[in-house]
Amino acid sequence: MNLLKRIYSILLKKYGFQGWWPLLGCKGTNPTKTGSVKGYHPKDYSYPKNDNQRFEVCIGAILTQNTSWPQVEKALLNLKGLNALAPQKLKKLNQEKLKQAIKPAGYFNQKARKIKEFTDFYLSLKNRMPTRDELLKLWGIGPETADSILLYAFKMPEFVVDAYTRRVFSKLGFIRKDASYEEIKKLFEKNLPRDSRLYQEYHALIVEHAKKHYSKKPYGKKDLLLNIVKTKSFK
DNA sequence: AACCAGGACGTGA
DNA sequence: TCACGTCATGGT
C-alpha cells in the first residue's frame with residue numbers, strides 16, 4: 001500500500017469518519033472533532049441531498065476562507081434567519097443586509113461580493129455541473145474554494161489542498177514548504193484512487209489532525225504521526 | 001495582547 | 001511567476 005494511503009488509514013483509525021461537509025439542518029454530530037461538532041454526518045455520503053444544501057456548501061466554502069468554522073456557522077444561521085440561504089432568495093437579498101448577516105465570518109465586504117457573483121453564476125448553471133475552470137474564473141474563488149465546492153457540493157473527485165495540508169505534509173517530508181497548490185494536489189491525486197468519498201474524508205482528517213498539532217508553533221510538536229512516518233520501518 | 005482561522009486578490013519586482 | 005500587503009471578525 002502506498003504511503004499516502006497508509007497515512008490516511010492511520011488518521012482514520014485515530015479520528016474516525018469525519019462526516020464533512022457540515023450542514024445546518026443536519027442532525028448529525030462528530031464528538032471527536034475540535035470546535036463545533038454540529039452538522040456532521042459520518043459515513044453518510046448522501047449529503048448534500050438537494051439544491052439548497054448544495055448551495056449552502058458553496059456559500060460555506062466561500063465564507064470559511066481564512067476563517068474558523070464556528071464563525072461561518074453564525075453567518076450561515078443569520079442568512080437562514082433572513083430566509084436567504086437559497087440561490088433565488090439570496091439573489092434578492094440586498095447587498096447591505098448580506099454584509100451585516102455575514103459579518104461574523106470576517107472580510108464581509110469582499111465576501112459579500114464573492115457570494116453575490118457566485119450566486120449569479122450558480123443560477124446560470126441551471127442544474128448543470130460547474131467546471132473547475134469556470135469556478136476559477138469567478139472573482140473570489142481560488143483553487144481551494146473551487147475544489148471544496150467541486151468535492152463537497154458536487155461530489156467530484158478533486159482533492160482539496162489547504163494551508164494545513166502543506167504544513168503537515170511538508171513536515172512529514174512529502175513536499176517542500178513552498179510547493180505550489182497544483183503540485184500538492186497532483187501528488188495526492190496521483191497516489192490515491194479517484195474516489196470522492198476518500199478525498200472528502202482525507203481532507204477532513206488532515207484538518208482535524210492539523211488543528212490538534214499544527215495550529216501553534218512549533219508545528220508538529222506532539223504529533224505521533226510524525227514519529228511513525230519518520231521511523232525506518234515506515235515505507 | 002499577539003496570534004490565528006478549513007484564502008484570494010492586487011501590486012510591484 | 002512570486003513575494004508581500006490587504007481584507008475583518010472573534011477565539012484562544
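Chain letters run A, B, ... following the sequence lines, proteins first, then strands; residues in each count from 1.
Where A/Gly140 and A/Tyr214 each meet DNA chain B at their nearest nucleotide, the meeting point lying more 5' is that of A/Tyr214.
Proximity of A/Lys216 to the phosphate of B/dA2: no side-chain N or O atom is located under 4.0 Å from OP1 or OP2. Distances shorter than 4.0 Å separate some side-chain N or O of A/Lys211 from OP1 or OP2 on B/dG6. A close approach under 4.0 Å does not occur between any side-chain nitrogen or oxygen of A/Thr67 and OP1 or OP2 of C/dT9.
Atom P of nucleotide B/dG6 and atom CD of A/Glu158 are separated by 22 Å, given to the nearest angstrom. The CD-P distance, from A/Gln100 to C/dA8, rounds to 12 Å in whole Å. The interatomic distance linking A/Glu117 (CD) with B/dC9 (P) rounds to 10 Å, in whole Å. As rounded to whole Å, 5 Å separates atom C1' of B/dA8 from atom NZ of A/Lys114. A straight line from OH of A/Tyr181 to P of B/dC9 spans 13 Å, rounded to a whole angstrom. Whole-Å rounding puts the A/Glu144 CD to B/dG6 P distance at 10 Å. Atom NZ in A/Lys111 sits about 13 Å away from atom P in B/dC9, given to the nearest Å. As rounded to whole Å, 16 Å separates atom P of C/dG11 from atom CH2 of A/Trp69.
Using P as the reference atom, C/dT6 and B/dG6 are 24 Å apart when rounded to the nearest Å. C/dT9 and B/dG10: their C1' atoms are spaced 22 Å apart (whole Å). B/dT11 and C/dA8: their P atoms are spaced 16 Å apart (whole Å). B/dC3 and C/dG5 are spaced 14 Å apart, taking the P atom of each and rounding to whole Å.
No contact: A/Ile102 has no heavy atom under 4.0 Å from any strand. Counting non-hydrogen atoms under 4.0 angstrom, A/Gly142 reaches the backbone sugars and phosphates but no base. Heavy atoms of A/Pro70 sit nowhere under 4.0 angstrom from any nucleic acid atom. Residue-level contact check: A/Ile206 touches neither bases nor backbone, having no heavy atom under 4.0 Å from any strand.
You'll find the ring centres of A/Tyr164 and A/Tyr214 outside the 6.0 Å limit.
Between the side chain of A/Lys103 and the backbone N or O of A/Leu98 there is no donor-acceptor pair closer than 3.5 Å.
Under the salt bridge (Lys or Arg N to Asp or Glu O under 4.0 Å) criterion, A/Lys211 pairs with no residue at all, not counting sequence neighbours. Scanning for ring-ring contact (aromatic ring centres under 6.0 Å, His included) contacts around A/Phe169 gives A/Phe174, A/Phe188, with sequence neighbours left out. With sequence neighbours excluded, the residues satisfying side chain to side chain contact (heavy atoms under 4.5 Å, CB included) with A/Ser68 are A/Pro70, A/Gln71.
Of the candidates B/dG6, C/dG10, B/dA8, the closest approach to any side-chain atom of A/Pro22 belongs to B/dG6. The side chain of A/Trp20 sits closest to B/dG6 out of B/dA8, B/dC4, B/dG6.
Between A/Phe154 and A/Tyr122, the angle of the ring planes lies from 30° to 60°, which puts this pair in the tilted group.
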N/O-N/O pairs, protein side and nucleotides 10-13 of chain B side, under 3.5 Å:
| from | atom 1 | to | atom 2 | distance (Å) |
| --- | --- | --- | --- | --- |
| B/dG10 | OP1 | A/Trp139 | NE1 | 3.2 |

Just the table, please: protein N/O against nucleotides 1-7 of chain C N/O, every pair under 3.5 Å.
| from | atom 1 | to | atom 2 | distance (Å) |
| --- | --- | --- | --- | --- |
| C/dC7 | O2 | A/Gln110 | OE1 | 3.4 |

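Neither side chain, A/Asn191 nor A/Lys5, offers a donor N or O lying under 3.5 Å from an acceptor on the other. A donor-acceptor contact closer than 3.5 angstrom is absent between the side chains of A/Lys171 and A/Tyr219. A/Asp133 and A/Thr131 form no side-chain donor-acceptor contact under 3.5 Å, judged by distance and modelled atom types alone.
Counting heavy-atom neighbours within 6.0 Å of A/Lys49 NZ, excluding the residue itself, gives a total above 12.
Salt bridge annotation for A/Glu201-A/Arg197: absent, with no cationic side-chain nitrogen under 4.0 angstrom from a carboxylate oxygen. The existence of a salt bridge linking A/Arg128 and A/Glu134 is confirmed by a sub-4.0 Å separation between a basic side-chain nitrogen and an acidic carboxylate oxygen. Ion pairing of A/Glu182 with A/Lys186 is absent here, as no side-chain N (NZ or NE/NH1/NH2) approaches a carboxylate O to less than 4.0 Å.
For B/dG12, the base adopts the anti conformation, since its glycosidic angle falls more than 90 degrees from zero.
Put simply, the side chain of A/Thr165 does not reach to within 4.5 Å of the side chain of A/Val207, judged on heavy atoms.
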Expected output check: what is the dot-bracket annotation of DNA chain C, where ( ) and [ ] are pairs inside the strand (brackets for crossing ones), | is paired with another strand, and pairs are Watson-Crick or G-U under 3.5 Å? |||||||.||.|
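Of the residues in residues 160-169 of chain A, A/Asp162, A/Ala163, A/Tyr164, A/Arg167 come within less than 4.0 Å of DNA chain B through at least one heavy atom, sorted by number. DNA chain C is contacted by no residue of residues 30-41 of chain A, taking any non-hydrogen atom closer than 4.0 Å.
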Which pairs of donor and acceptor atoms, one on a side chain in residues 138-147 of chain A, lie under 3.5 Å apart (sequence neighbours left out)?
| from | atom 1 | to | atom 2 | distance (Å) |
| --- | --- | --- | --- | --- |
| A/Thr145 | OG1 | A/Gln65 | NE2 | 2.9 |
| A/Asp147 | OD1 | A/Arg132 | NE | 2.7 |
| A/Asp147 | OD1 | A/Lys185 | NZ | 3.3 |
| A/Asp147 | OD2 | A/Arg132 | NH2 | 3.1 |
| A/Asp147 | OD2 | A/Tyr181 | OH | 2.6 |
| A/Asp147 | OD2 | A/Lys185 | NZ | 3.3 |

Please list, one pair per line, the donor and acceptor atoms closer than 3.5 Å that link side chains of residues 11-19 of chain A to other protein atoms, with sequence neighbours excluded.
| from | atom 1 | to | atom 2 | distance (Å) |
| --- | --- | --- | --- | --- |
| A/Tyr15 | OH | A/His209 | ND1 | 2.6 |
| A/Gln18 | OE1 | A/Asn30 | ND2 | 3.3 |
| A/Gln18 | NE2 | A/Tyr15 | O | 3.2 |
| A/Gln18 | NE2 | A/Gly16 | O | 3.0 |

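Applying the side-chain hydrogen bond (donor to acceptor under 3.5 Å, both in side chains) rule to pairs touching residues 83-94 of chain A yields A/Lys91-A/Asp120, sequence neighbours excluded. Applying the ring pair (Phe, Tyr, Trp, His ring centres under 6.0 Å) test to pairs two or more places apart or on separate chains, those with a residue in residues 56-80 of chain A are A/Trp21-A/Trp69.
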